[in-house]
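Encoded as structure tokens, the structure appears first; notes follow it.
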Amino acid sequence: MSAAGTVSAAGTVSAAGPVAGGRLRVEWSPGSDRLTGSCHCGAQRTAEDPAEIWTWLLSHPGHPTR
């Protein structure tokens with residue numbers, strides 16, 4: 001799997017373009033408890049636990065820290 005794709009907690013593979021400005025982003029899916037974290041490199045991960053999303057975002061491998 002490339003650095004731009006990851007496997008979510010639900011077992012789905014996600015890939016997206018980079019987040020603008022090199023920022024990390026967490027989005028809530030309305031009507032659910034799901035959160036999607038997007039890394040500045042384009043990788044995404046989905047989970048229900050905010051701590052899990054932020055832990056993954058802050059320790060995501062494959063690129064230098066900023």
Side-chain angles (χ1 to χ4, degrees):
M1 187 173 333
S2 72
T6 68
V7 179
S8 73
T12 59
V13 175
S14 299
V19 176
R23 295 185 179 109
L24 304 176
R25 178 173 52 201
V26 176
E27 295 178 333
W28 168 64
S29 299
S32 74
D33 291 336
R34 289 191 333 232
L35 299 168
T36 300
S38 300
C39 181
H40 60 82
C41 74
Q44 292 184 326
R45 184 177 181 113
T46 302
E48 292 183 6
D49 181 9
E52 180 181 342
I53 291 295
W54 281 109
T55 299
W56 176 78
L57 282 170
L58 296 173
S59 65
H60 183 250
H63 51 74
T65 58
R66 292 181 182 233

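- Atom CG of residue Leu57 and atom CD of residue Glu52 lie 10.5 Å apart, to the nearest 0.5 angstrom.
- Leu35 places none of its side-chain heavy atoms less than 4.5 Å from the side chain of Glu27.
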From CA spacing to verdict: side chain to side chain contact (heavy atoms under 4.5 Å, CB included), Cys39, Leu24: CA-CA 5 Å; Cys39 181; Leu24 304 176; 4.2 Å; yes
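- What you find for Ser32 and Trp28 is that their closest heavy atoms are O-NE1, 2.9 Å.
- Two residues are said to be in side-chain contact when any heavy atoms from C-beta on lie closer than 4.5 Å; Pro50 and Val26 fail this criterion.
- Between Ile53 and Arg45, the shortest heavy-atom contact is CD1-O, 3.4 Å.
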